Amino acid sequence: MASPYSILFEPVKIGPVTAKNRFYQVPHCTGLGYLRPRADAATRAIKAEGGWGVVSNQETEIHPTSDLSPCPEHRLWDEHDIPALRLMTDAVHEHGALAAIELVHNGYHASNQATRAPILAPSDTTAHSVGPRQARAMDKSDIRALRQWHRAAARRAKQAGFDIVYVYAGHRMTLPQHFLLPSCNDRMDEYGGSLENRARLLRELLQDTKEEVGETCAVALRFAVDEMMGADGMQASEEGRAIVEHLAELPDLWDVNVSDWANDSATSRFAPNEGYQNSYIDFVKQITSKPVVAVGRFTSADAMVSLVKKGIVDFIGAARPSIADPFLPAKIQEGRIEEIRECIGCNICVSSDNLAIPIRCTQNPTMGEEWRRGWHPEKIEPKGQEEAALVVGAGPAGLECAMQLARRGYHVTLAEASAVLGGRAHLEAGLPGLTAWRRVADHRIYDLQQRGNVDIFRESSLSADEVIELGIPNVFVATGAKWRRDGIGRHSRSPLPLPENFPVLTPDDIMQGIIPPPGRVLIYDDDQIYLAGVLAEKLCELGHEVTFVTPASIVSPWTETTLEQARIQTGLINLGVQIETGQTLSSVGSEGGVCVCTYSGREKTIPCSSLLLVTEKIRNTDLFNALSQRQAKGTASLQTLELIGDASQPGLIADAVYGGHMAARYFEADPSAKEQAYYRRELIELETEV
Ligand code: ADP
Ligand code: SF4
């Protein structure tokens with residue numbers, strides 16, 4: 001019988017090239033880029049191996065006036081950049097995929113911090129990132145120069161072996177889009193004013209690129225049809241549509257999305273549904289005969305088929321789903337749908353780019369480690385001499401460790417204290433907006449349940465004696481961490497003076513269903529990552545009045561890296577949460593929390609009838625310590641005793657999964673192998689000077 005998904009595996013022509021199927025990894029950053037080209041090529045190669053018909057690279061700066069430092073994207077400033085990109089095209093071609101390059105001039109989005117080159121824009125304006133240097137309006141000679149840079153970069157892209165060359169007008173990050181937007185362009189010449197004039201540069205770049213490489217390479221246009229700002233920005237129903245009509249047949253492929261990046265890469269917390277961009281982009285195919293690709297955190301094969309059959313897209317675009325599971329296409333093709341490691345929409349991958357560090361992913365701990373550590377998402381060394389392992393704790397770390405050990409062929413016993421597997425992945429998924437995080441546990445539990453070499457024991461809180469009685473010589477302790485109840489955190493290294501009978505709660509209490517007494521709750525967020533903001537929402541849902549106090553100057557500052565901060569603070573304001581920033585909690589009195597201004601030291605009392613402290617975690621190491629002591633005394637003789645996940649170092653769920661993976665990978669390996677990977681670097685060749 002034909003597969004219900006066979007339509008997804010039809011070849012599709014894009015100008016002069018043909019993709020082998022409809023799976024299209026759209027451009028996305030990796031934090032590897034020109035600084036780590038071998039690592040970047042290896043990451044892309046895994047996607048091609050996993051079945052993606054098209055594998056794109058990331059923003060590729062065409063000139064030093066588009067310098068995104070300190071973020072290491074890609075570069076094609078001159079011919080010296082070709083060999084680094086060639087690594088990727090060769091690797092991708094080996095697996096029968098097409099390689100695409102996203103040429104970019106970032107205009108005033110690039111602040112040219114390293115090059116100190118002029119910052120270019122359609123009109124004089126302050127630059128995108130906060131800094132003293134403004135962008136200047138491009139004159140005609142600048143525009144002519146830009147066109148030449150783009151042509152030259154397209155030529156080099158072809159030399160580097162790319163099959164698809166992008167012109168990029170999206171995410172509010174690129175010059176051609178800045179020219180399109182009236183809010184960025186108040187020019188009076190033929191590049192400003194009417195839509196035709198504002199689209200002139202984009203049209204010219206498309207024509208130039210086609211002239212330069214169009215015979216052998218497809219020319220793609222990445223275009224944001226809607227800024228999601230209502231009448232204050234470009235709307236798909238008006239100018240977005242008009243531009244598609246204006247340029248309809250010019251590109252060989254339309255890669256359409258919404259702008260800015262926070263809207264395009266919306267997290268599941270704010271865009272819970274797969275296909276959240278469909279209603280913005282669904283008109284495009286009615287206007288052009290050229291193939292269309294769109295994204296929307298697609299992981300369901302049925303939804304993909306329906307999108308193609310309904311004539312909304314020709315290609316299923318993906319960045320994050322391809323990061324979480326590079327083998328998503330192969331799994332669909334082989335009927336292994338249940339094995340897909342679905343993206344949870346947490347944007348930890350995005351945070352890496354914003355921090356200018358190599359990519360990482362909550363669901364896929366091998367992402368970004370393909371070259372440095374030689375990790376493959378689907379393959380792992382078979383077991384060595386040892387036969388069995390015990391994993392204590394079934395949170396993200398324990399589940400990942402158990403799953404990988406089982407894949408290696410050990411007999412795995414997994415013991416979990418509670419009735420439900422998943423640890424914090426299960427508990428946090430019960431909070432508003434985080435339902436999809438449950439996938440971290442679901443994927444691993446499903447995998448473990450398929451295997452004959454795994455025993456899972458729920459409601460089994462193990463003591464050291466019980467562990468020893470089990471007689472399993474290799475023990476991985478993944479017992480997690482709990483939130484502090486004493487207020488110790490970033491701003492206080494000693495316990496806060498708290499009155500004896502005052503109700504003090506922790507995130508663990510709320511997640512376990514303990515509800516604060518009636519009255520106003522003061523949430524004190526000295527953690528400053530994401531959880532306190534989510535808990536504020538939860539308490540509002542439960543009908544509490546909430547005051548959110550933080551020493552930071554904004555709510556949940558870390559979430560700027562996941563592109564969520566503005567939405568979080570807006571959401572809390574709209575829920576009526578009283579927000580007190582720049583305040584450090586110093587004690588609690590009969591009137592409420594006594595807070596000190598972080599800057600002036602002035603004191604004020606914030607009324608409340610209970611306190612929720614989100615400050616720091618304490619590692620649950622009792623079991624590990626007890627076992628270690630027995631080992632030291634000689635009353636236990638374990639071969640392996642390893643502490644992993646939050647019990648070893650509290651952090652993100654992504655860190656716990658990574659820790660669990662690492663422990664399983666290196667079990668029975670040469671101990672130096674783990675260390676050596678830190679030193680595997682791509683060093684600058686000192687003899688080469690360009
Ligand atoms: P991590 O993020 O490191 O995986 P979690 O806190 O999510 O940590 O998970 C730790 C899990 O370990 C929890 O589900 C907890 O119930 C379980 N656990 C803690 N102590 C024991 C124990 N002694 N025996 C079995 N399970 C335990
Ligand atoms: Fe998806 Fe999160 Fe992985 Fe990014 S880090 S791909 S959002 S699971």
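Because the structure is a prediction, the values reported are computed rather than measured. Both ligands and their constituent atoms are indexed starting at 1 by order of listing.
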Below 4.0 angstrom from a heavy atom of T362, which ligand 2 atoms are there? Numbered from 1 as shown, please. 3 (Fe), 5 (S)

Close side-chain approach of M88 and V55, heavy atoms under 4.5 Å: yes

Only heavy atoms of A415, strictly under 4.0 Å: list the atoms of ligand 1 that pass. 25 (C), 26 (N)

Look at the aromatic rings of Y410 and F667 and report parallel, tilted or perpendicular, splitting at 30° and 60°. tilted

Show me which atoms of ligand 2 lie under 4.0 Å from any heavy atom of R320. 6 (S), 7 (S)

Identify, by atom number and element, the atoms of ligand 2 in contact range of G345, meaning under 4.0 Å from any of its heavy atoms. 1 (Fe), 7 (S)

For atom 8 (O) of ligand 1, what is the closest protein heavy atom, and at what distance to 0.1 Å? G480 CA, 3.3 Å

Which of the ligand 2 atoms, numbered from 1, are nearer than 4.0 Å to a heavy atom of I323: 6 (S)

Please identify which atoms of ligand 1 are closer than 4.0 Å to at least one heavy atom of P396. 1 (P), 2 (O), 4 (O), 7 (O)

For ligand 1, which atoms have a heavy atom of G645 less than 4.0 angstrom away? 3 (O)

Could you tell me the residue and atom name of the protein heavy atom closest to atom 24 (N) of ligand 1, and the distance to it rounded to 0.1 Å? L462 N, 3.0 Å

One finds that the ligand 2 atoms under 4.0 Å from a non-hydrogen atom of I344 are 1 (Fe), 8 (S)

Polar side chain donor-acceptor pair, T267 to E564, under 3.5 angstrom: yes

Apply the test side chain to side chain contact (heavy atoms under 4.5 Å, CB included) to residues T615 and Y524: give CA-CA distance (whole Å), side-chain angles for both, the deciding distance (0.1 Å), then the verdict. CA-CA 7 Å; T615 59; Y524 180 55; 4.0 Å; yes

Top protein contact for atom 3 (Fe) of ligand 2, by heavy-atom distance: C361 SG, 2.4 Å

heavy-atom search around atom 4 (O) of ligand 1 in the protein gives A397 N, 2.8 Å

Work out whether the distance between some heavy atom of N620 and some atom of ligand 1 is less than 4.0 Å. no

Candidates R320, H443, Q363, K331 - the one meeting side chain to side chain donor-acceptor pair (under 3.5 Å) with D325: K331

State, to 0.1 Å, how close R490 and E616 come at their nearest heavy-atom pair, and which atoms those are. N-OE1, 4.4 Å

Closest to atom 10 (C) of ligand 1 (heavy atoms only, candidates G423, A478, G393) is A478

Among all protein heavy atoms, pick the one closest to atom 7 (O) of ligand 1 and tell me residue, atom and distance. R424 N, 2.7 Å

List the closest protein heavy-atom neighbour of atom 9 (O) of ligand 1: residue, atom name, distance to the nearest 0.1 Å. G395 CA, 3.4 Å

Checking side-chain polar atoms at under 3.5 Å, does D40 have a donor or acceptor matched by the opposite partner on Q58? yes

So which of E459, Q649, K617, E416 gets nearest to atom 14 (O) of ligand 1, if we judge by its closest heavy atom? E416

Looking at atom 2 (Fe) of ligand 2, is there an N, O or S atom belonging to C346 that lies under 2.8 Å away from it? yes

Just which atoms of ligand 2 are under 4.0 Å from any heavy atom in C349? 4 (Fe), 5 (S), 6 (S), 7 (S)

Element-labelled atoms of ligand 2 that are located less than 4.0 Å from some non-hydrogen atom of C343: 1 (Fe), 7 (S), 8 (S)

How are the rings of W375 and Y658 set to each other: parallel, tilted or perpendicular (split at 30° and 60°)? tilted

Between L623, V467, T479, which one has a non-hydrogen atom sitting closest to atom 20 (N) of ligand 1? T479

If you measure only the distance, is there a donor-acceptor pair under 3.5 Å linking the side chains of E369 and T366? no

Which atom names give the shortest non-hydrogen contact between G398 and L414, and what distance separates them? O-CD1, 4.3 Å

Winner among G398, S460, A417 once heavy atoms are compared against atom 18 (N) of ligand 1: A417

Any atoms of ligand 2 less than 4.0 Å from a non-hydrogen atom of I348? List them with their elements. 5 (S)

Option passing side chain to side chain donor-acceptor pair (under 3.5 Å) with D646 (candidates R619, K482, R424): R424

Could you check if a side-chain atom of V412 sits within less than 4.5 angstrom of a side-chain atom of F476, using non-hydrogen atoms only? no

Side chains of T640 and N474: any donor to acceptor distance under 3.5 Å? yes

Report yes if some heavy atom in the side chain of E400 is under 4.5 Å from a heavy atom in the side chain of I644; otherwise report no. no

Starting from atom 2 (O) of ligand 1, which protein heavy atom do you reach first, and at what distance in Å? D646 OD2, 3.1 Å

